[in-house]
Structure formats: C-alpha cells, structure tokens
**Q** 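Okay, handing you the structure first.
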Amino acid sequence: MMKKNVFSAIQPTGNLTIGHYIGILNNWLKLQNKFNCFYCIADLHSLTNISEKKNLRNNIFDILSIILAIGINPQKCIIFLQSSITEHIKLYWLLNCYTYVGELYRMTQFKDKINNSKNVNCGLLNYPVLMSADILLYKTSYVPIGYDQIQHIELTRKIAKRLNNLFSYNIFNIPNYILSNNCSKIMSLLNVDKKMSKSDINKNNVIFLLDNVNNIKLKIKNSITDSQFPPKIFFDIKNKPGISNLLNIISGIKNIPINILEKNFYNYSYNKFKNIVIKELNNFLISLQKRYFFFRKKEFFLRKILLNGKFKAKKYAKKNILNIFNFFNINYL
Ligand code: TRP
C-alpha cells in the first residue's frame, strides 16, 4: 500500500524551545518511519515578521541543523525550503480567491498579532491561506502541529471541502492534524497559565534547545511548584500545574508515559524531583547541542540537503498544481 503523506512546517525564527521539541518536532521524528513526510522550513511565513528578515539566511541554517540534530533523516523524508517551491505561491493565490475575509479576521492568532504589533501587514491576515496551500499542495493526510495551529488546520479543511464541493470532485485531500502524544502543552516556568514561548521577555520562563547547562539548572530550580504538604509528585493540571509541567517535560524528552513517572517519583521532595528534571534535560540537550554544532558548521552540506529536498518536493508540487489548475481553466497553455 502507498504510504500516506505527512506535511508540516516550522518557521526559521530565532531560538527554538523545549516546547517546540515536545509539541512538534518529536512527532516529526516518530512519523518519518511510517509516512511519506514533507518537512518544510516556512521562510515565506516568517516574512510577516519584519524583525526576522535580516537574519533569515542564518536562521534557515540554524533551524535545519536543529532538525537534523533531533534525528530527522533526509534520506527518509523530504526536507525543503518553502520559497524554493513556487507552486506554494500559485496555490496560495488560488485559495485566496475562495477564502472569505471574515474567516481570516476570526483567526485568534491574527487577532493576537494585530494587538501586539504595529506592523499589521496583509501577510498576517493571509498567513493561514499560505498554510493551507502548503498542506493541500501535497495531498496531505496528516499534519503534526502545536495547539496554536489547530484553528488554521480547521480552516484548511473548510477551504478544501468548499472547493471539492464546488467541483463535485475530490481535488484536495482533507487533512487531519496530529498533536503531541500525551497532549502536553509546555507552559512557562514562572507563569504556568501561559504557554512557553520563545518570544517571552522573561527568559527565565523558557528552556531553549540551545540553553547552556548553568542556565537550565537555574531556571528549573526557580520554576513554580505548589505548597502541598507533605509534597507529592503527581499529575494534576488544575491544582499542581507547575509539577505537571515538569512531568510533561520529562515525559516529552524521554518518551515515558506520565503514570510511570508518577510511580517513580511520587514521594520525592520537590527539590529532589527538580534535580531529576535538570539531569534529564542536561543529558538530552547536551547531546542534541553536540550534534547541532556538528551540522551547523557544514553550510555546504546543509545547502545540499535543501537542494535535494527542493528537487524531490518539486516533482510532487508541479504535478499536483497542474491537476488543480485544470479545474479552474487556468494555465492551459
Ligand atoms: N504556521 C506554522 C507555525 O508557525 C508553520 C507552518 C507554515 C505550518 N505552514 C504550515 C505548519 C503548514 C503546518 C502546516 O508553527
């Protein structure tokens, strides 16, 4: 049987966090063995954020090195740069003409962004349409994402169904999203009501994939717990959000179910438990960083991976866009 297609993308913007690994990249890793995976570096999306433009070239190599360091294998999946496949932009325009402005205004990410930015460009509004084009161009069945992207996948499904209905033909595959295993959303270390975010002003809230050992120790030592007495380690998002967050972190990097961690650590003091978290994070991040720096130095090699990915992705994209355009009577020459 033909393997189904998986598509996902990540923006080449600055420092990734442990949340990106646990929420998204860990799934990329798992899916590469079962599916035909397209993993894309979304440089076009990152243009919506003016401050990212200066460092884009470096950021692309940074993110690609992280992807490789995590263990994503370019022999098994197609890793490519979004802007290298111009068919994304062609399909984007077409989908724009079948998406309502009201649908885009309703996106919560758009509303958040315009509240927090002076640069309200049209790219921010149309951002989910480009995402839809990314996904629909490759007849995608599954899209591994973080929670914040669910609404965008729902919109993608809506647009795809709208066009399929219009032509009474399944031009597009209807994609499903995949969230991380134990549905863990990694929260800020000092403010457990808020998602851990690379753009947090307070860096003590965030564990970066490239953080050094001393920083990690300090950040975990200072992270919020609770005042249960005697202290107990178990998962309870409502009453013990800090401890639950730390459990999610260990579970995510070690791929161990939460209930097993609870059994192991139930009677540990918070201090002793935090030392375990620090040890596990250090083990994980030190070896990841070693591989990261190994790849990051080889820009020629990194370029070759992207060129190879472009070559492979282009074949799919070219064929699919011709089929799609046929339905709209465009590009018939
Ligand atoms: N918007 C996504 C993010 O910031 C990145 C992205 C772009 C994406 N195109 C996509 C994710 C298509 C999934 C599918 O996380």
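Both counts, for ligands and for their atoms, begin at 1 and track the order of listing. Atoms considered below: every heavy atom in the structure, side chains included; atoms not considered: hydrogens, waters and symmetry mates.
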**Q** Tell me the protein heavy atom at minimum distance from atom 1 (N) of ligand 1, and give that distance in Å.
**A**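 So the nearest neighbour among protein heavy atoms is Y127 OH, 2.7 Å.
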**Q** Is the Y292-F61 ring centre distance short of 6.0 angstrom?
**A**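 Here the rings of F61 and Y292 have centres that are no less than 6.0 Å from each other.
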**Q** For the pair K254 and E280, evaluate salt bridge (Lys or Arg N to Asp or Glu O under 4.0 Å) and give the outcome as yes or no after the intermediate values.
**A** CA-CA 8 Å; K254 301 276 294 176; E280 295 300 352; 3.5 Å; yes
**Q** Starting from atom 3 (C) of ligand 1, find the nearest protein heavy-atom neighbour and note its residue, name and distance.
**A**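 Going by distance alone, atom 3 (C) of ligand 1 is nearest to Q149 NE2, 3.6 Å.
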**Q** Measure from the ring center of Y142 to the ring center of F7 and say whether it is less than 6.0 Å.
**A**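 No, they do not, as the ring centres are separated by 6.0 Å or more.
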**Q** Report the nearest protein non-hydrogen atom to atom 13 (C) of ligand 1: residue, atom name, distance rounded to 0.1 Å.
**A**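 Minimum-distance protein heavy atom for atom 13 (C) of ligand 1 reads V143 CG1, 3.7 Å.
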**Q** Would you mind checking which non-hydrogen protein atom is closest to atom 9 (N) of ligand 1, with the distance to 0.1 Å?
**A**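 Of the protein heavy atoms, D134 OD2, 2.7 Å lies nearest.
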**Q** Using a 6.0 Å cut-off, check whether atom CZ of F328 has over 12 heavy atoms from anything other than its own residue.
**A**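 More than 12 within 6.0 Å, yes.
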**Q** Kindly say whether the aromatic ring centers of Y268 and F265 come within a distance under 6.0 Å.
**A**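 Yes.
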**Q** Write out the residue and atom name of the closest protein heavy atom to atom 12 (C) of ligand 1, then the distance separating them to 0.1 Å.
**A**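 Protein heavy atom at minimum distance: F7 CE2, 3.5 Å.
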**Q** Quick one: does Q11 get an N or O within less than 3.5 Å of an N or O on ligand 1?
**A**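 Yes, there is a polar N/O contact under 3.5 Å.
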**Q** Decide if the gap between the ring center of F38 and the ring center of Y316 is smaller than 6.0 angstrom.
**A**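 F38 vs Y316: aromatic centres under 6.0 Å.
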**Q** When you measure from atom 8 (C) of ligand 1 to every protein heavy atom, which one gives the shortest distance, and what is it?
**A**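 That would be A9 CB, 3.5 Å.
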**Q** Just heavy atoms, cut-off under 4.0 Å: does L130 contact ligand 1 by side chain, backbone, both, or neither?
**A**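 No part of L130 is near ligand 1 at this cut-off.
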**Q** Using a strict 4.0 Å cut-off to heavy atoms of H45, name the atoms of ligand 1 that fall inside it.
**A**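 Going through ligand 1 atom by atom, the ones under 4.0 Å from H45 are 7 (C), 9 (N).
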**Q** Does the separation of the ring centres of Y127 and F110 fall below 6.0 angstrom?
**A**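 No: the rings miss the under 6.0 Å criterion.
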